[in-house]
Structures are given as C-alpha cells and as structure tokens.
Amino acid sequence: MSNIELSEQELIRRGSLQKLRDLGINPYPANEFKINATANQILTSFDPETGNFQDVIFAGRLMSQRIMGKVSFGELQDESGRIQIYISRDEICPGEDKTLYNEVFKKLLDIGDILGVKGYVFVTQMGEITIHVREFTLLSKSIKPLPVVKEKDGKTFDAFTDPEQRYRQRYLDLIVNPGVKEVFLKRTKIINQMRDLFNERGYVEVETPILQPIPGGAAARPFVTHHNALNIPLYLRVANELYLKRLIVGGFEGVYEFSKDFRNEGMDRTHNPEFTVMEIYVAYKDYNWMMDFTEEMIERVALSLHSKTLVTVGEKLIDFKRPFKRITMYESIKEHTGFDISEMNEEELREVCLKLGIECDNTMGKGKLIDEIFGEKCEGHYIQPTFITDYPVEMSPLCKKHRNNPELTERFELMVNGKELCNAYSELNDPIDQLERFQEQLRLSQKGDVEAMFIDMDFVRALEYGMPPTSGMGIGIDRLTMLMTNSVSIQDVLLFPQMKPEKRAEEDPAEKYTELGIPVEWVEVLLKMGYKKVSQLKEVKPGKLFNDLCGFNKKNQLGLPNPSANDVSNWLN
RNA sequence: GACUCUGUAGCUCAGCUGGUAGAGCAAUUGACUCUUAAUCAAUGGGUCGAGGGUUCGAAUCCCUCCGGGGUCACCA
C-alpha cells in the first residue's frame, strides 16, 4: 500500500514504528513472553493483606492511556478482562535518560499496542486494583487505530455498533465490545456439555464426508462443486444423516457428529449458508426414548449455562425444565385451526389451505401442504419447549411408519420460541419401504419440488444388509445458541457470518496509466485524487491537471519532482 | 425481490425552509506524581458514498447508480 492511501493517523503510527526501530526497539519481537497472571485472576484474588501478586508478569492490549506528567495510567486487556496499569517515569527511567518514558511510553505507544509488563499489584487511592509497572516490553505495534469505545457507570460511549463492520471485522468487535466474547464462550460450553453427555453414554464421535456425490438426508438445495480428478460434480452436505446411519449398519451402536452443513438458500436473521447441526443415532432405541434423551440434553445445557432452567429470550421467559409438553401434529392443527385433517386427501387439504388463506400450488404434495398449514398456523404458538409428534408419512421420507398408523411416521420436532429446534425419528430401516419413499421423492422432484431428496442407492443397499431399530435426532446448534444467549440473529452466534464481498470502486490497473507514459509514482497520486479510470483522465484539461498534481504534491508533502506542463499534456494525448 | 431508513473527520454523530462544514472522542504539540469517559491549553484533519440535474450558489432539493441497516416475502 502506498502512503497516500493512508489516513493521517495511520501515517503517524507508521512514523512511530520507524522511530521505535531507530531507538533499537523491535516492534514485533520473536521471544516468548511468559506471563504468570491474568487480569481476571488478579482482579478476583488480589488481597492487599496477604500481599500476593507482588511479582506479576502480564501481557495485553493497551486500551487507554491517561498521561499525567511524570506518571501515567493505562488499561491493558487480556483474554480474561481489563486491568489498570500505573507507570512512573523515574522508576522506568532511573538514570538521566528519560527516553523510555518521555518518548517511548508517552509518544510512540498507541491504543491498540500489545504490551508485556512486569511489576506488582496494589490498590490506588481511588480504590482500583492496579499493576505498578517496573518494566514494560512492546510485544506488537498496532498501526491501525481501533474504534475507541468508552464506558462509565455502565453507560457506553461511542459504541462500535455498525452490524456490517462488527461481523466483517469480528476481531475488532471482540476487542472493543465487551460481551461479544461471552456469547462465543457460551457456544463452546453448549457444545462441550452435549459432547460430555454423549461420551458419558459411550456414544462415539465420528466424522463423515462434507463433499458428497449425493446430497442426502434433508430437503434442501445444495451447493455444487466439481472434482477435477474424478471429473464429477460433488455437493456440500445438507445433512449427515445417511452416513451416520450407514455407521449404525456397520455396527456402531451410538454415533454422533457436530457437522457443518451447507444450504444454498436465502440468508437472513435465522439463516446462514453454512451452519452447525449435531446429529446423533442410537441403536435399539425409538423416538419415545429420544424425546426423553433430548429433554435431558437440553435441560443440562440450560443448567450448565444459567444454573437454572429458566432462560430469558427477548421478552419471553422460557423454561427448559423436564418434561416438555408433547402433542401430535394433527392435534396441534386441530387445536389452532379447528380442522381435523387426519382423514383428508390432497384435494381436501388444498381446500383447507384455501380457507385458511395459505398459498399453495400444484407442485405441493400432501406432506408439503400439511407442513404449510402447520408452519403458518401452529408453529408460532409454541414458545415453551413442545414436542410435535407423528408427522404425515409424505413429509418424512427417512422416518419409520408409525407403529399404530401407516399414514403417520414416528417423528418429533421440538419447537421452542415458535421455531423448530430439533428433529428426530424412529429411523426407517425397511430397505424396500425406503426405496419406495425415495422414488416418491423423485416424483415430487419431477413435479417441480426443488428440495425433494435424491435417491441414494448405496444407502438403500446398506439398509438391505440390515440396520437395527435406531432413533436419530438432529439439533441446530446455532439456533440453540441463539436461545441460550438471547441473541436475535444468527450472525451474533457465528464468529464469521457469511457476508457479501466487500466492494471497492473499480479502478484501472496501473499499467493502463504507465502505458500513457505516466511515471509509477504519479499513478497512485492520480488514483488518490479520484481519477480511477484512464477515461476520466482524458476528459480533464492538461493545464488543470498539471496544477492539481503540483498542488497535491505540495499539500501532502510528497516531495516528488513536479512534472512539466508539457509532460502532463503528453500523457493526455 | 418489495417497502423503509441511512451514507458527513480514524470512531460516534450534529448540520433548520439551499449561502461551499461542526461537536465529542481519537490524533499532534505543550502543562500536570494516584488518574479512570482524567483534566487544561493550542493545533492539524473532510473530493459531505458516486455521477448527473435545478440554481447566481447544493451536504441540504430532484433523478440515476453504488454501499449499508431494518421490516416483509422467498427460503428451514
């Protein structure tokens, strides 16, 4: 990057960088810096009576500086929090030479620099636990100014809130906004709690392919990519269900995977193109067992995060205490619409949709119609955790038929806060039935359903060898995290949510300028002055351009030898 | 995709019915030995998102485009 692209403050920081080097200070030293305390440890366990922490070595990012002549205060932020530091000139510089304090600390250090300090902990007259610095080391120089967020009495000033910048530059968000890190620590804790539970039960964590020749296991539009060596299309997985069930066929009796899935669909507050799902399959179980297990898992997560089962989500208070309410899908629809659809065929369902004012078209089969009615009229009502059970067979091509009613399947979804959180089945293990269900999906696909599943013949073959009765469950980790951290958008629980690419104004490459005989050093000046394209340049009068160039050179003290008026008009001709 | 709000200094924002820009923080210089949104004094910093139009004159009004937020729709 050329210097004219930089802001004044960036130039000053680069200047400081050079001055540090001139003073023999390496702004990016290689040495290990061994700390022996964190901010949080000091703040929670410092005790002036016992006089602990009298020899601390601490490192962190300089977040503020208050210089008061011969002494200064500042704040260093490490992973665990912020702690104040105190520096006195004559302690840092006991001799005649006060450069280290007057120049280095006061002038050449900036907010954002990473510092290591050695000293002892004490309490200031204002009562703040502080590190009295005996020695400091610059560990990394920051040459781009941070957004400065200040806080007093719990009020935040100049908060860094622009969502685009926060998500795009998450590192800044994490540095500057307290509380952001908390969400991600909680996310990890949620995952760890689940993993602990599964491992305690002896279930095995496995990894299955992300690149799949047939994207199976869910109704969704996949991303397509291409494998050069095999010369075949490959799909990014939309689910890992079919692979995990192959493992049950293979003799594992409990497998689970935290899996990144990918769906080529819209993006909004609750959808990111890549997202995390946990799927688990346990042999010799059915969906009733899985409901109990799911309750246990979720209650455990809530307790581990909040030490209670009540969780505030927006305006609502949600109680994750076991047991959760259970209701069948037909009962739910009956309750919220008054229609008993249990005996209806496709035509009758379409009429119900019409009466309820739900849009539908001819590509929609029976399952999709019921799904629409439920989604439109029922889903939103389930704020407290509720299992919706016994879905129609058309909606669930991988799920075993209900033991008491072949029109239904042994499936449940867990609804919380009006949204689906989990999805689970008594898994279909009848290979002949499975093939028929796939073929039905194919018919839907031919009718125009872009989400209908592909037929996976190898999966059917696996079932032909025999899969034990199995129950499986999938849960959206992002949505679970949203609930547990009271986050309104999925972007808040993903470290790096998908963003549109950053756009810059288009500009011609430097060669197009140099072709005209313009020296390289002037090309960047022209770009900075706003002549992003050669065509723009051609439109200005040579006299004006000559004047502007010389003016820019002088104003910005670039120290370039000015071109002659002749040169300039030659460029333009 | 529709509607709506929005784009001004490094950051957060002001700028009335048109008269070519302001504040706080940050930065620079200086003062200050327990401060904490430190304080005090001085200074620098802006093609007002881009292009076009109306006008003697546009950050402000109009049009087009670009970027962003929100709501809705599509979509789990």
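From a predicted model like this one, the values you see are computed outputs, not experimental measurements. Just so it is clear: chains get the letters A, B, ... in the order the sequence lines come, proteins before strands, and each one is counted from 1.
- Here A:Ala159 lies in heavy-atom contact (under 4.0 Å) with sugar-phosphate atoms only.
- Rounded to whole Å, the P atom of B:rC63 lies 29 Å from the corresponding atom of B:rG22.
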For this session: Assess whether ring pair (Phe, Tyr, Trp, His ring centres under 6.0 Å) is satisfied between A:Tyr287 and A:Tyr425, documenting all intermediate values.
Result: CA-CA 5 Å; A:Tyr287 78 140; A:Tyr425 311 142; 9.6 Å; no
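- Atom CD in A:Gln491 sits about 8 Å away from atom P in B:rG70, given to the nearest Å.
- Under a 4.0 Å N-O distance rule, the pair A:Arg170/A:Asp173 qualifies as a salt bridge.
- In summary, the aromatic rings of A:Tyr235 and A:Phe262 are positioned with their centroids too far apart to meet the 6.0 Å limit.
- Residues of residues 267-274 of chain A having a heavy atom closer than 4.0 Å to RNA chain B, listed by number: A:Asp268, A:Arg269, A:His271.
- A:Asn423 contributes atom CG, which lies 4.5 Å from atom CD of A:Glu413 (distance to the nearest 0.5 angstrom).
- Put simply, the side chain of A:Glu128 and the base of B:rU35 share no donor and acceptor less than 3.5 Å apart.
- Using a 4.0 Å cutoff on non-hydrogen atoms, the parts of residues 373-388 of chain A near RNA chain B are A:Glu379, ordered by number.
- With rounding to whole Å, A:Asp162 atom CG is found 7 Å from B:rU12 atom P.
- Across B:rU28 and B:rG67, the matching C1' atoms stand 32 Å from one another, rounded to whole Å.
- Remark: A:Arg66 is not in phosphate contact with B:rU35, judged by side-chain N or O atoms under 4.0 Å from OP1 or OP2.
- Counting only Watson-Crick or G-U wobble pairs whose defining distances are both under 3.5 Å, the stems of 3 or more consecutive pairs in RNA chain B are B:1-7 with B:66-72, B:10-13 with B:22-25, B:27-31 with B:39-43, B:49-53 with B:61-65.
- Here A:His132 pairs with A:Glu91, A:Tyr120 under the side-chain hydrogen bond (donor to acceptor under 3.5 Å, both in side chains) rule; sequence neighbours left out.
- Side chains of A:Ser142 and A:Arg13: a donor-acceptor N/O pair is present below 3.5 angstrom, by distance only.
- If you take CG of A:Leu11 and C1' of B:rG44, they are 13 Å apart, rounded to a whole angstrom.
- A salt bridge is defined here as a Lys NZ or Arg NE, NH1 or NH2 lying under 4.0 Å from an Asp or Glu carboxylate O, and A:Arg221 with A:Glu265 fails to meet this definition.
- When the options A:His271, A:Gln491, A:Arg187 are evaluated for a side-chain hydrogen bond (donor to acceptor under 3.5 Å, both in side chains) with A:Asp478, the one that passes is A:Arg187.
- For B:rU71 and B:rG15, the P atoms lie 25 Å apart once the distance is rounded to whole Å.
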Seminar exercise, completed: 5' to 3', nucleotides 25-34 of chain B under a 4.0 Å protein heavy-atom cut-off (B base, S sugar-phosphate only, - none) gives SBSS-S-BBB
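- Rounded to the nearest 0.5 angstrom, A:Thr156 OG1 and A:Asn177 CG are separated by 8.0 Å.
- Contact check on A:Glu257 versus A:Arg237 returns a salt bridge, with a Lys/Arg side-chain nitrogen under 4.0 Å from an Asp/Glu carboxylate oxygen.
- Ring-centre distance between A:Phe122 and A:Phe46: not below the 6.0 Å cut-off.
- Across all strands shown, A:Gln84 has heavy atoms under 4.0 Å from base atoms, whether or not it also approaches the sugar-phosphate.
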Problem set entry | A:Lys419 and A:Glu379: CA distance, side-chain angles, deciding distance, salt bridge (Lys or Arg N to Asp or Glu O under 4.0 Å) verdict | CA-CA 7 Å; A:Lys419 294 243 162 57; A:Glu379 200 173 67; over 6 Å; no
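- Relative to the ring axis of A:Tyr101, A:Arg89 does not place its NZ or CZ within 45° and under 6.0 Å from the centre.
- Across the interface with RNA chain B, nearest-nucleotide mapping of A:Met499 and A:Gln165 shows A:Gln165 to be the residue nearer the 5′ end.
- Heavy atoms of A:Arg89 sit nowhere under 4.0 angstrom from any nucleic acid atom.
- Between A:Thr161 and A:Lys152, the residue whose closest nucleotide on RNA chain B is further toward the 5' end is A:Thr161.
- Distance check on atom C1': B:rU20 versus B:rU47 gives 12 Å, rounded to whole Å.
- Taking atom C1' on both nucleotides, B:rU4 is separated from B:rA42 by 45 Å, rounded to a whole Å.
- When the C1' atom is compared between B:rA31 and B:rA38, the two are found 14 Å apart, to the nearest whole Å.
- With sequence neighbours excluded, the residues forming a side-chain contact (heavy atoms from CB on, under 4.5 Å) with A:Ala39 are A:Phe58, A:Asp78, A:Ser80, A:Ile83, listed by chain and number.
- The distance from the OG1 atom of A:Thr276 to the CG atom of A:Leu494 is 7.0 Å, given to the nearest 0.5 Å.
- Nucleotides B:rG69 and B:rU8 have their P atoms positioned 15 Å apart, rounded to a whole Å.
- Taking atom C1' in both B:rA59 and B:rC13, one finds a spacing of 15 Å when rounded to whole Å.
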